[in-house]
Participant: 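Let me give you the structure first, and then I'll get to my questions.
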Amino acid sequence: MLTPSVDRFSGMYASALPVVYGFVSLRVGGNRSLAEDLTSEAFAAAVAEYRAGRPEVVTTSWLCTVAKRRIIDHWRRKNVASKNVIPLAGRGLVFDVPETGEREAVIQALSALTSEQRTALVLQHVEGYSIVEVSEIIGRSHKATESLLSRARRSFRTAYSEVDRD
């Protein structure tokens, strides 16, 4: 027989898991393994709260906030390791561009940007992070991130207009 605390956790887990996993999955480009790892880290934090006698703080919203922080930590670690948060190849980052030629033009224009510009643009405009979240991920101030994004958009427009589509 389950204790009330375990029973309560099981109910919360069953209802929150699909929401938290979906939240994470969308933000890691559908990478299933990574989404599972980061989701489990969020629920590990929930277990810690239950063990500390604070089950009332664990809500779906709280879990999504914890998951968001784990995602940011993941991208930050990846950025430190590779100096390029999101590689272009194989990520499906521009699959909503309908024509193959246009997709290639977008990839070529993105490739012309600096690593920091490309990372910031992709995080905000493809992955959907806010400027505040982008600044946390790349480790810059809010103002510096706004400036970086402004320069990145300008550079992208220029590079995109110069792409040979023939």
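A quick note: this is a predicted structure, and the numbers were derived from the prediction, not measured.
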Participant: According to a hydrophobic-cluster definition based on side-chain heavy atoms being under 4.5 Å apart (Ile, Leu, Val, Met, Phe, Trp, Tyr only), do V47 and W62 belong together?
Facilitator: yes
Participant: Starting at CZ of R140, measure out to OG of S135 and round the result to the nearest 0.5 Å.
Facilitator: 10.5 Å
Participant: Can you confirm whether the side chains of Q124 and R153 place a donor and an acceptor under 3.5 Å from each other?
Facilitator: yes
Participant: Closest approach of V24 and A67, non-hydrogen atoms and distance?
Facilitator: CG2-CB, 3.6 Å
Participant: Table please: side-chain donor-acceptor pairs of residues 33-45 below 3.5 Å, with sequence neighbours left out.
Facilitator:
unit_1: E36; atom_1: OE2; unit_2: R32; atom_2: NE; d: 3.1
unit_1: T39; atom_1: OG1; unit_2: A35; atom_2: O; d: 2.7
unit_1: S40; atom_1: OG; unit_2: E36; atom_2: O; d: 3.3
unit_1: S40; atom_1: OG; unit_2: D37; atom_2: O; d: 2.7

Participant: Do you know which two heavy atoms are closest between A46 and V58, and how far apart they sit?
Facilitator: CB-CG1, 3.7 Å
Participant: Assess whether side chain to side chain contact (heavy atoms under 4.5 Å, CB included) is satisfied between R8 and M12, documenting all intermediate values.
Facilitator: CA-CA 6 Å; R8 185 174 175 188; M12 178 279 304; 5.8 Å; no
Participant: Can T145 and S141 be said to form a side chain to side chain contact (heavy atoms under 4.5 Å, CB included), step by step?
Facilitator: CA-CA 6 Å; T145 301; S141 71; 5.9 Å; no
Participant: How close do L149 and L121 get, heavy atom to heavy atom, and via which atoms?
Facilitator: CD2-N, 3.8 Å
Participant: Identify which one of I72, T65, I71 satisfies the side chain to side chain contact (heavy atoms under 4.5 Å, CB included) criterion when paired with R69.
Facilitator: T65
Participant: Does any non-hydrogen side-chain atom of T114 lie less than 4.5 Å from one of R118?
Facilitator: no
Participant: Minimum heavy-atom separation for P18 and A14, please, with both atom names.
Facilitator: CD-O, 3.5 Å
Participant: What are the two closest non-hydrogen atoms of C64 and F23, and how far apart are they?
Facilitator: O-CE2, 3.3 Å
Participant: So, S155 side chain and R151 main chain: donor-acceptor pair closer than 3.5 Å or not?
Facilitator: yes
Participant: Could you tell me the separation between the CD atom of E162 and the CZ atom of R157, rounded to the nearest 0.5 Å?
Facilitator: 13.0 Å
Participant: Heavy atoms only: give me the nearest L63-A16 pair and the separation to one decimal.
Facilitator: CD1-CB, 3.8 Å
Participant: Going only through I, L, V, M, F, W and Y residues with side-chain contacts under 4.5 Å, is there a path from V57 to Y13?
Facilitator: yes
Participant: Tell me if a side-chain donor or acceptor on E133 pairs with a main-chain N or O of S130 at a distance below 3.5 Å.
Facilitator: yes
Participant: Any sub-3.5 Å donor-acceptor pair from R54's side-chain atoms to E49's backbone N or O?
Facilitator: no
